[in-house]
Structure formats: structure tokens, C-alpha cells
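Side chains are part of it too, since the values below use all heavy atoms of this structure and drop only hydrogens, waters and symmetry mates. We number each residue from 1, following the sequence as shown.
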Amino acid sequence: MKRLWSIFKPFIVGVVVVVALAALILVPGLSTKGDVAEVFLPLQEAAQSVTASEQMTVGPIPGDLSRYESEQKCQENISTPGYWSGINAAEMTDAARSGVYPCADFLGSQTEDNVVYTYKAEGTYPQVQYVNSDGPNGMFVVGGTSAASTGPVAPGPYVARIDPISGEQVWRTYLENGNVNDVFVGGTNLNILENGNIVFAWNYKIALLDRATGAIIKARNLPSPGPVTPRSINYKELTIAPDGTIILRSQNRPENCNQQGGGGLTACSQSAGGPEQKPSPFLAIDPDTLKVYDKLVAPEDSATPTIIVPYEGKIAIYTAMLKNAYRFFWDPETKKLSQDKSWVAPYLADGQTVGDAPTFMGDWIIIQTNGLGSDTAASSIVAINVDDASNIVTHKPFGDLEDGETSNAPPKPQGDLENDMVYSVDGGLGEIAGIHLDQATGKMETKWTVDDRSFEFQPLFGSADQRIMVTSKWNPDADLGALATGSYTAQAVWRDAATGDVLAESDFLPPISFNALITPVYGGRWVWPSGPSGSIYFLQPMPASSQPQVATTTEGKSGG
């Protein structure tokens, strides 16, 4: 197992290499009687006798059109300062990256069997990673960011607008080509500003794009304060403060490293025998002019996103770095960034690796460890009190590692503040846990665990009393080493967030992009971005009892 871990470890941060999957997904045949058969396909164009392994449709899935208006009105009633008002106008819901989507609909049944209709979108989107919407009629994807570690890389990153029903491309804007420029091509995210412009940052550059046309409105190179040179910097971590200011923090490739993508973050890292990783710079940027208001160099490096939440009337920025968690402040009056040196929390136990992006849970900041995996220590959920960084509570939802086991938990823990629940995914162990958090003490209790190998986020949606989780699940026949090649299949699974019970599950599909999410879109539909295959799938859970009947005519029946 240790040898296996050493093989796929370089690939586990934000990247799975692009592969050509020979995945054959069959559309069920339509039966006929006699010499003449006439098939009337309903709106979903679903085949007869849909089963758990035959849920592909033969045409676009528009979803429940009557829900579009109510979903958008619901979203407009939720305050999202700095962001456009859409179900998913940010990479992960909002500035806190909460991953909770209260306005997304589940069209399936919570008491009866469901099917998940699936449609492969028009077009090819290499290394597609995230999907955003500006409403029912606008959908955007970002791709070209999971570059191969060595050799020629696919052009990108790029941003594309696609038809929100068919998935057909409307426009595509390429922003970089790592074969031409000596830059670090790493992961990026996608956000839509309050004024409707798309803001996009990559390596040491930033741009504003017109969401209607893809035209570049404004672009500029960014400074690299501190010891990191421009060729090794990647301003991936973009979050928008409540006053609209863009907050950027970089993830750095070690100096003198020539590897791209995830390999640039791991294979060249200090833990892999490379040079010391340099501290990450922060930038605060005007969202209209892209002027840099202020810059700051953090005490350490970090490869995981920041979150922004209020603290005692201030705009607080939380981040988990290589060894400690930190809090910074942005002051919109003075236009200054600062570090809160009273709030520094060492969160790692012996043998654990770097934490994932933080999760805000009221009086606590939650961090999951083993973002780079470990074969010596199990992953932990760590709760750090917002008022006292020395008040740290640690919980191991899956217990200690047994001989031969590997822990690998790259996605941030999902948090449901309304229900005081935290969710943990450990892809190495192949388990998901639902954990209750006591707000008064920080004590945590595992309420349920299920076998489910996933390396992706676990979005939550629906009302607080009927919360549903959706995440990916590997084919149980797949070997863990397939993470490095993308040569496995996985399915979307909807679960009751209170119990972990399965409500619906899709066909097995080409793998979803590493450390991405199954994204809610309008009309009770969901998007599965498969970076390794360069494909996008639309998914729609529905009650099995609603399965359309396929009408036929038989010999002897004729019209006119």
C-alpha cells in the first residue's frame, strides 16, 4: 500500500491527468411488434424499462420548467454580497464556500424508488472543472486547468458559455497556453461578480470577461510580493468580500520546479524531497479597475482556498496553511489587509498532512486533515474556536488507521450550520461520515458512516428539515491506483443528509473532475463535469413511478 501511495500521491491535489476513456454507455433499445412500430418519446426522451444501469436519455433534459422562476426568486431572497444572484454564481455557493444550496430542487421521491435520467451534453470540454450559472438561461464552465505534469499541456485555462439545456458551446475564451509562456498552469475557479462580469485569475494574471460574449473587458498582470517568482505563482484562490473587493491568495509551485498542474504542487514539494515551499501572497483588488489595493505575505504556503465570513463586525479571511490555520482581516475603509496574530492554530497531529479549505460553523472554524493523504495517521475533523484559537477540538470520524490502510481526504468538510452537522469524506478509506457538532463545546459525535469512495465535495440542498447531500461514488470494482489515470467510473448519489440513506443513484459515468462537485442547476437538474473524459452530463432524479410509458403501434393498426 505504501508503494501504491507513493505512485498516485503526486496527482491528488486538484488534478487528474487527461485520459481517453473508452466508456460505452448504451441507450436502451426500443422494442417493436409486427412490421410497424411507432415510438412516441416524451419530454425526457427516456427509453422503455429504465433500470439502474440504463438511465441514459437520447436528448437534452430541460428539467421542470415551472421551477425556474421560483428557484431564481428564492435565490434573489438570499443575501450574496459581492456575487451575482444565481443558484451557483460562485465556485462553492458564496464567500464562505458553504456548499449549501437551499434553492436547488430535488424532483425525486424521498420515500420511494427513484431513477436518474442522464444526458451527455453536446461538445467537448477538456479538463472541465467547475460549472456556474447566472440564472436559468446562462451557464459557464472553466477547464484546461489540470495540465499534465510534464511535456506539452492542453491549452488553457479557458472559460466557456454553454447552452444550459443542451450543453452546446456558445463561446469559449482561452486565457493561457503553457506551451508558449513559462508559467505555472494550475487549478482555477469561476465566479460571477455582482455586476454580472466574470472574474478569473490564473498564474500571475487576472481578467474580467463579458458573460454574454466572452470578450475580455480588462486584464492585467499581478505582483508577486515575497519570495515567490511569477513563474511559480498561481492566484487560484479567489474569493469576493462583502464590499465587492476581490481577495486573492496564491498556491505556489516550489522554485525551480518545471512540473505543471497537481504535480507542480506535490511532486516538487518539500515532503517529496524538493525545495522549501515559499509563503503565499495575498492581494486585495478593485473589482472594476483590477487595481491592487493592498498586498500581504502570509507566514506559510497553502494550496487550499480561503473563506470569508464576518467576525465582530470585521471582514475575516480564514485559511489552512501547511502547519497552522490563520485569520486575516480586510478593512474596506482603509483598503488594507492585516493578519490577526492572536489567532494562529496548529491543527495537525503527527503523521497527518495539510488541511483542506476551512468550513464556517458559527463559533467554530472546521478543518479536515490529510489533504495530501497519509498512510500513518487517520484523517481528523478539527474545530477551532473563533474567539480563542487555543480552544481546539479534534475528532476522528473513521477511527485510527489499521495496517495497510491509507487516508486521503482532499475535499473540504461540508458544513450545515442550521443543523449543526459536519460531513467528512475520506477517499483513501472509502467512507463518508455525518457528524454532529456541539456549538457550546466543539465536541463532535459521528452520527453515521457509509461506504462510499469519493474525492469530491458533498453539496447540500433543500430545506433545513429535509436536507439532502449529493456526491460521487466510485465503482466498487475500481482499484485505488486508478486515481492517477482516471481509468475508473463513478456515479452520482443523493443521500438523506440526516441518515446517509441513499435516495437516488445515477449510472456509472466517466469520473467527475478531481475535487470538484456535482453542481445544481435550474429545474431540479444537476451537472456532472468529467474532466478526464472532457464531457459534461446533465442529471435529473425522478420517481421511478413517473417513468414514461413508450407507446407503440402494432401490425393491423393503421391510421386514415
- Task: For Tyr130 and Glu91, test the side chains for any donor-to-acceptor distance below 3.5 angstrom and give the result as yes or no.
- Result: yes
- Task: Examine distances only and state if a side-chain atom of Ser454 and a backbone atom of Glu456 form a donor-acceptor pair shorter than 3.5 Å.
- Result: yes
- Given the options Thr93, Asp416, Ile468, Leu460 meets side chain to side chain contact (heavy atoms under 4.5 Å, CB included) only with Asp416
- Query: Would Phe455 and Val425 count as a side chain to side chain contact (heavy atoms under 4.5 Å, CB included) if you check the C-alpha gap in whole Å, the side-chain angles of each, and the deciding distance to 0.1 Å?
  - Reply: CA-CA 7 Å; Phe455 293 88; Val425 170; over 6 Å; no
- Do the side-chain N and O atoms of Asp94 and Ser98 include a donor-acceptor pair separated by under 3.5 angstrom? yes
- Could you state the interatomic distance from CD1 (Ile162) to CZ (Phe140), rounded to the nearest 0.5 Å? 9.5 Å
- Rounded to the nearest 0.5 Å, the CZ atom of Arg525 sits from the CG atom of Asp105 at a distance of 11.5 Å
- Could you tell me whether the side chains of Gln339 and Tyr326 share a donor-acceptor contact shorter than 3.5 Å? no
- Taking Tyr522 for its side chain and Glu71 for its backbone only, find out whether a donor-acceptor pair lies under 3.5 Å. no
- Would you give the length of the straight line joining atom NZ of Lys412 to atom CD of Gln458, rounded to the nearest 0.5 angstrom? 8.5 Å
- Message: Using the side chain to side chain contact (heavy atoms under 4.5 Å, CB included) definition, which of the options Ile512, Val141, Val128, Val131 pairs with Val527?
- Response: Val131
- Distance flag, aromatic centroids of Trp526 and Tyr101, threshold under 6.0 Å: no
- Give a yes or no on whether the backbone of Leu337 and the side-chain of Asp294 come within a donor-acceptor separation of less than 3.5 Å. yes
- Message: Main chain of Pro413, side chain of Thr359: is a donor-acceptor contact present, judged purely on distance under 3.5 Å?
- Response: yes
- side chain to side chain contact (heavy atoms under 4.5 Å, CB included) between Lys473 and Ile432, worked out: CA-CA 10 Å; Lys473 182 179 181 180; Ile432 297 180; over 6 Å; no
- Message: Any donor-acceptor pair under 3.5 Å linking the side-chain atoms of Ser250 with those of Asn234?
- Response: no
- Note on the structure: The reported gap from CG in Leu283 to CD1 in Ile285 (rounded to nearest 0.5 angstrom) is 5.0 Å
- Note on the structure: So OG of Ser535 and CD of Glu122: to nearest 0.5 Å the spacing works out to 11.0 Å
- Query: Can you check whether Lys278's main-chain N or O pairs, donor with acceptor, with Asn252's side chain at less than 3.5 Å?
  - Reply: yes
- Can a donor-acceptor pair be found between the side chains of Glu237 and Thr306 at a distance below 3.5 Å? no
- Does a donor on one side chain sit under 3.5 Å from an acceptor on the other, for Asn370 and Ser407? yes
- Query: Yes or no on side chain to side chain donor-acceptor pair (under 3.5 Å) for Asn408 and Thr406, after CA distance, side-chain angles and deciding distance?
  - Reply: CA-CA 6 Å; Asn408 183 8; Thr406 290; over 6 Å; no
- Verify, without hydrogens or angle tests, whether Arg161 (side chain) and Arg211 (backbone) share a donor-acceptor contact under 3.5 angstrom. yes
- Message: With no hydrogens and no angle check, just 3.5 Å: does a side-chain donor-acceptor pair link Asp507 and Thr118?
- Response: no
- Task: Output, in order, the C-alpha distance, side-chain angles, deciding distance and verdict of side chain to side chain contact (heavy atoms under 4.5 Å, CB included) for Ile247 and Phe328.
- Result: CA-CA 11 Å; Ile247 304 297; Phe328 301 85; over 6 Å; no
- Task: Would you sort out whether Met469 and Gln414 count as a side chain to side chain contact (heavy atoms under 4.5 Å, CB included), showing the intermediate values?
- Result: CA-CA 10 Å; Met469 168 197 289; Gln414 183 59 64; 5.8 Å; no
- When rounded to the nearest 0.5 angstrom, what is the spacing between CH2 in Trp84 and CD in Gln75? 12.5 Å
